[in-house]
Amino acid sequence: MTFSLLLFYLFALVLIGAALAVVSVRNSVHAALFLVLAFFTSAGIWLLLHAEFLAITLVLVYVGAVMVLFLFVVMMLDVKAQPVKHSGQQYLPVAIGVALLMLAEVIALVGVGELDDGGGIQDGAAIAGLSNIEWLGHALFSDYILPFEIAAVILTVAIIAAVALTLRHRPNVRTQSAPAQSAVSASERVRLVNLPSSTAKGQTP
Amino acid sequence: MNPLSMADLLPLVPEGFLLASLCILLLADLFIPQSERSTTHWLTVAVLAFTAILVWRADADTSLAGSAFSGMFLNDGVATICKLFILLTSALALIYARPYLIARKLFQGEFYTLTGFAVLGMLLLVSAGNMLTAYLGLELLALPLYALVALDRDNGRSAEAAIKYFVLGALASGMLLYGISMIYGASGALDFGSIRAAAVSNSPHPWLYGIGVAFVVIGIAFKFGAAPFHMWLPDVYQGAPTAVTLFIGSAPKIAAFGLAYRLLDGALDPWFRYWQAMLVVLVLLSLTIGNLVAIAQTNFKRMLAYSTISHVGFLLLGFIAHSAEGYAAALFYAISYAVTASAGFGLLMLLSRVGFEAEEIADFRGLNQRNPWYALMMMLVMASFAGVPLLVGFLAKFVVLKAALGVANAELLWLVIVAGVFAVIGAFYYLRVIKVMYFEAPAEAASGPLPLPQDLAFRWVLSGNVLALLGLGIFGGPLISWCVRAIAGG
């Protein structure tokens, strides 16, 4: 057993534990933190596969940005820890039994040892003799430019859909009007008023 | 790594035009006041029409045939015929939706933008030559649909339907991705041609392929709404605004055919024994559940949802045949179903008006006394769904059953018989609608003549659509031979 295989099993174990914890803990802040752990561990597995750039991106984007936003939302919403529900517990033994059975079937069918050669997948970066990120950049903007652009369109649609579903123009609501604020001129901002002096001319207070 | 060339970009001109026009429409719509919103409507319809012309031209120009972007985008006969009918049924959906949307204060630019992007997703999906483009096209189709279902924001039932659709759709995408990853792990390729070649040349992991095929079929069945993966369909059909139900029920069925054809025939053909056995189960369950549960429905939209499930069963029967004839029959079935469903939901929206949502079968009572013409139209649509001869629904069922019978040794004879029996059972609930329209008195509250929407385009196109069912049923030969040519050429 090589060191990297040992590391893989360690990461995989932590990842599965963290993923289970995400869906089973009752405190939503804890769940979000476990999700951070899950992302971080899968980044570790990607590092083992020599996908350095993807691993760093996963940490930067998901752990650094998405999950922090998520935590903000969870904390702002003030979600209370859910009380224990007993209704689902009675199915637990059956569910575990079925899951174990399916796992045994999958292992029996595939044969874990058969997969050790990694199928037909090759490390494109190693073949081209480039660094991981360099190869990824080339591939993304040449061979995979079409899927890349479709993904961009999907993100655009997500924004349009989100705005269409949440933006409401309510009358009689006191909000700031950004266009009116930026279109303001100096004369509208400040009104100079000539006040008659209360003291007599030439007199110093 | 291949640098881009014009040969890559030219086959994508229709999709590029659609994308650019949608972006312009999205911006232009901001400057159009609500009273002039019809401008957006007609512009979107015009964009779809012009895209159809471009698709036609891309097909006529033989130098553009084949694939682009190193096999990621296929421009063949199947793609062309699917795209043309997707654009046609989408345009029908937009035209039928206008009076309905105006009456419900949903007449917004976003409806048109989101619909347009869903159409773009469908066009990319049916042209996919790679697992990546197929999956991304599917997501580009699904994402706007989730939002469209929830467009009527103050309606609790729409929100519920949208959540269900979103969660189950995400689950289906997960299943599909899991299957794709298995196939990628076994073959080392995402390209359909390479997957096929890898499976033929050396297959050290037959079971890995088996699991991959199983999950891909589950993903396809979810998107089609085939039983037992049909749970989302009735709730979404009922909960969504009828204009959106019409769109979901028509064009995406053609796109789902495209997805199934590309994945099952294009990529996984060497493993057809696996998916054929799974499809037999799907067909049996879809025909049974779809037809039997539909009998118990009183809500018209739910009834059509269950009828969709049974029609999907028929459509998949063409795939089981695993022959060019079977694929062509399935393609013809998808097209004829989409055109018929457009007319059916269009008629449902004709009955709806401000403050009144026609969706119960009881709302059709005595329609013949209130408006004989539209009662006749509805009867034609129902008869086409039921598969009455002279209508397109009959022809579609006929070619599918004929293709399934053509399988060697007639080993699927029992399935064809089952399908025939369920077609007869299914005729019951369509005939019930006809009976309600012609032989029952209208309800007290609605006994006067039917108040028709002022939109003349809507009424004329709708009548034309229904008469097309009759025309296609009698003179459907050219369309069928077009389908056969497309499958044979691609």
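Proteins come first, then strands; the chains are lettered A, B, ... in the order of their sequence lines, and each starts at number 1.
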Does atom OH of B:Tyr274 have more than 12 heavy-atom neighbours from other groups under 6.0 Å away? yes
Which pair of non-hydrogen atoms, one from B:Ala147 and one from A:Leu165, has the smallest distance, and what is that distance? O-CD2, 3.7 Å
CZ (A:Phe40) with more than 12 external heavy atoms under 6.0 Å: no
Do other residues, nucleotides or ligands put more than 12 heavy atoms under 6.0 Å from the CZ atom of B:Phe17? yes
Checking heavy atoms, do the side chain of A:Phe141, its backbone, both or neither come under 4.5 Å from chain B? neither
When every non-hydrogen atom of A:Ala164 is compared with those of B:Arg153, the smallest separation belongs to O-NH1, 3.4 Å
Verify the neighbour count for atom CZ of B:Phe107: are there more than 12 heavy atoms of other residues, nucleotides or ligands below 6.0 Å? yes
Please say whether more than 12 non-hydrogen atoms of neighbouring residues, nucleotides or ligands are located less than 6.0 Å from CD1 in B:Ile163. no
Separation between CD1 of A:Ile154 and CG of B:Leu136, rounded to the nearest 0.5 Å: 4.5 Å
Roughly how far apart are A:Ile150 CD1 and B:Leu138 CG, rounded to 0.5 Å? 11.5 Å
Checking heavy atoms, do the side chain of B:Leu124, its backbone, both or neither come under 4.5 Å from chain A? side chain
Show, in sequence, the C-alpha distance, side-chain angles and deciding distance for B:Leu12 and A:Leu146, and conclude whether the side-chain contact (heavy atoms from CB on, under 4.5 Å) test is met. CA-CA 10 Å; B:Leu12 262 104; A:Leu146 181 65; 3.7 Å; yes
What's the shortest heavy-atom distance between B:Ser70 and A:Asp143, and which atoms? OG-O, 4.3 Å
Winner by heavy-atom pair count (cut-off under 4.5 Å) against chain A, out of B:Leu26, B:Leu140, B:Leu120: B:Leu140
Show every donor-acceptor pair shorter than 3.5 Å between a side-chain atom in residues 125-132 of chain B and any protein atom, with sequence neighbours excluded, or say none if there are none.
| unit_1 | atom_1 | unit_2 | atom_2 | d |
| --- | --- | --- | --- | --- |
| B:Ser127 | OG | B:Leu74 | O | 2.9 |
| B:Ser127 | OG | B:Lys83 | NZ | 2.9 |
| B:Asn130 | OD1 | B:Leu132 | N | 2.8 |

If one checks every heavy atom of B:Leu19 against chain A at 4.5 Å, the contacting part turns out to be side chain
Side chains of residues 42-61 of chain A: which donor-acceptor pairs under 3.5 Å do they make with residues two or more places apart or in other chains?
| unit_1 | atom_1 | unit_2 | atom_2 | d |
| --- | --- | --- | --- | --- |
| A:Ser42 | OG | A:Ala38 | O | 2.8 |
| A:Ser42 | OG | A:Phe39 | O | 3.0 |
| A:Thr57 | OG1 | A:Phe53 | O | 2.5 |

